[in-house]
Amino acid sequence: GPEQRMEDFLSWGMKPNSGFGDYFPNGSFAEWDEQLRQFSKDGLSDERKQAILQSMRSYKGWISDAFNRGIGAPWGGSNVICPLDEELPKVFRTVKSYRTLASLIQLNDGLVAVDEDLRAIIEDLEPGLHRFWPIRIQMPKGVTYPGAYFGMLVGRFLDSFMPKESNPDAFRTG
């Protein structure tokens, strides 16, 4: 269902990454905390502030729920919100330099990012369904990774396994 974690079926059935590398660069969203702090002072509506307080989550955690679950899915006593443009991370700083990164990379907080080519393929297959925004991959010594990457909010989470339609001997629960 839509409340499943993205890792359960990340990227249309691809196995999640188990360590840092070309598919899961080691780094952090260095400016995101400050970006959210500034937006919470200058632009966050009272209604949104109240929703964050009711969720009993950090502002960052409240936003990152959208990276892992479908927008509107029930989670933590409320529904997953749709982040505003001002609430999305814009820069990912890597700990080391990378010569190559995969077309689909997993970043912190469950966010996936795709390169320009994969974004075009996804848009051709499912136009307008997913949300993309530019995210800069900043490596040490101020070097920006060549090529454009885009953060991706999955617009529809699919669960291809249907226990009621399957032979009960083919799987175990728990």
Side-chain angles (χ1 to χ4, degrees), residues 1-37 39-40 44 48 51-96 98 101-119 121-123 125-126 128-139 145 147-161:
E3 64 275 21
Q4 280 186 285
R5 294 194 50 82
M6 185 172 209
E7 290 92 297
D8 292 342
F9 50 90
L10 180 63
S11 307
W12 302 279
M14 289 193 287
K15 183 180 177 194
N17 306 301
S18 59
F20 295 118
D22 292 354
Y23 295 87
F24 185 18
N26 186 3
S28 66
F29 297 112
E31 289 104 12
W32 195 23
D33 287 332
E34 180 57 31
Q35 176 187 328
L36 291 176
R37 189 175 6 268
F39 185 66
S40 69
L44 197 59
R48 215 155 168 89
I52 295 167
L53 289 172
Q54 288 175 347
S55 76
M56 299 181 66
R57 307 247 354 221
S58 70
Y59 188 14
K60 190 175 185 179
W62 189 69
I63 296 299
S64 63
D65 284 341
F67 304 157
N68 301 292
R69 296 168 177 83
I71 304 298
W75 179 247
S78 64
N79 293 332
V80 175
I81 55 85
C82 183
L84 303 172
D85 288 342
E86 296 86 357
E87 296 172 320
L88 296 169
K90 310 290 189 238
V91 178
F92 185 78
R93 293 194 185 277
T94 64
V95 171
K96 68 173 201 141
Y98 289 87
L101 288 173
S103 289
L104 184 143
I105 56 176
Q106 183 178 348
L107 304 176
N108 299 7
D109 300 299
L111 178 62
V112 294
V114 297
D115 67 10
E116 183 78 47
D117 291 338
L118 185 54
R119 176 185 172 205
I121 291 169
I122 293 168
E123 278 294 307
L125 293 171
E126 299 179 315
L129 183 59
H130 309 288
R131 183 171 166 197
F132 299 94
W133 71 95
I135 194 159
R136 189 177 49 168
I137 310 296
Q138 186 73 44
M139 299 185 296
Y145 185 83
Y149 272 84
F150 300 87
M152 179 178 170
L153 284 174
V154 176
R156 178 177 55 183
F157 284 77
L158 301 175
D159 187 357
S160 61
F161 180 65

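These numbers come from the heavy atoms of this one structure, side chains and all, not from hydrogens, waters or symmetry mates.
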Legend entry - Contacts of type side chain to side chain contact (heavy atoms under 4.5 Å, CB included), residue L129, not counting sequence neighbours: E126, R156
Inset, instruction - Return the set of residues passing ring-ring contact (aromatic ring centres under 6.0 Å, His included) with F29 (not counting sequence neighbours), or none when no residue passes. - result: W32, F92
Legend entry - Least distance between heavy atoms, N68 atom then G110 atom: OD1-CA, 3.3 Å
Inset, instruction - Please test D85 against W133 for side chain to side chain contact (heavy atoms under 4.5 Å, CB included), starting from the C-alpha separation and ending with a verdict. - result: CA-CA 8 Å; D85 288 342; W133 71 95; 5.8 Å; no
Inset, instruction - Check salt bridge (charged side-chain N to carboxylate O under 4.0 Å, His left out) between D33 and all other residues, then give those that pass, not counting sequence neighbours. - result: K60
Legend entry - Spacing of M139 atom CE and K96 atom NZ [to the nearest 0.5 Å]: 10.5 Å
Inset, instruction - Taking Q35 for its side chain and E86 for its backbone only, find out whether a donor-acceptor pair lies under 3.5 Å. - result: yes
Legend entry - Approximate separation, where rounding is to 0.5 Å, of F150 CZ and H130 NE2: 15.0 Å
Inset, instruction - Rounded to the nearest 0.5 Å, what's the gap from OH on Y149 to CG on L101? Could you check? - result: 4.5 Å
Inset, instruction - For P89 and L111, work out which heavy atoms get closest and say how close. - result: CG-CD2, 3.9 Å
Inset, instruction - Grab the two heavy atoms, one from D109 and one from F67, that are nearest each other, plus how far apart they are. - result: O-CD1, 3.4 Å
Inset, instruction - State which residues pass side chain to side chain contact (heavy atoms under 4.5 Å, CB included) with A51; sequence neighbours excluded, sorted by chain then number. - result: W62
Legend entry - Closest non-hydrogen atom pair, I81 against I63: CD1-CD1, 3.9 Å
Inset, instruction - Mind checking side chain to side chain contact (heavy atoms under 4.5 Å, CB included) for S103 and listing every partner two or more places apart, or none if nothing turns up? - result: D115, L118
Inset, instruction - Starting at CG of N26, measure out to CG of L107 and round the result to the nearest 0.5 Å. - result: 11.0 Å
Legend entry - Approximate separation, where rounding is to 0.5 Å, of N108 CG and S64 OG: 10.5 Å
Inset, instruction - Would you indicate whether the side-chain heavy atoms of I71 and R131 approach each other to under 4.5 Å? - result: no
Legend entry - S40: side chain to side chain contact (heavy atoms under 4.5 Å, CB included) partners, not counting sequence neighbours: L44, Y59
Legend entry - CZ on R57 to CD1 on I52, rounded to 0.5 Å: 11.0 Å
Inset, instruction - For E31, enumerate each residue passing the salt bridge (charged side-chain N to carboxylate O under 4.0 Å, His left out) test, keeping only those at least two apart in sequence or located in another chain. - result: R93
Inset, instruction - List in chain and number order the residues that pass salt bridge (charged side-chain N to carboxylate O under 4.0 Å, His left out) with R119, two or more places apart in sequence or in another chain; answer none if no residue qualifies. - result: none
Legend entry - Minimum heavy-atom distance L153-A66, with the two atoms named: CD2-O, 3.3 Å
Inset, instruction - Not counting sequence neighbours, which residues clear salt bridge (charged side-chain N to carboxylate O under 4.0 Å, His left out) with R37? List them please. - result: E34
Legend entry - Heavy-atom pair of closest approach, residues P25 and T94: CB-CG2, 4.1 Å
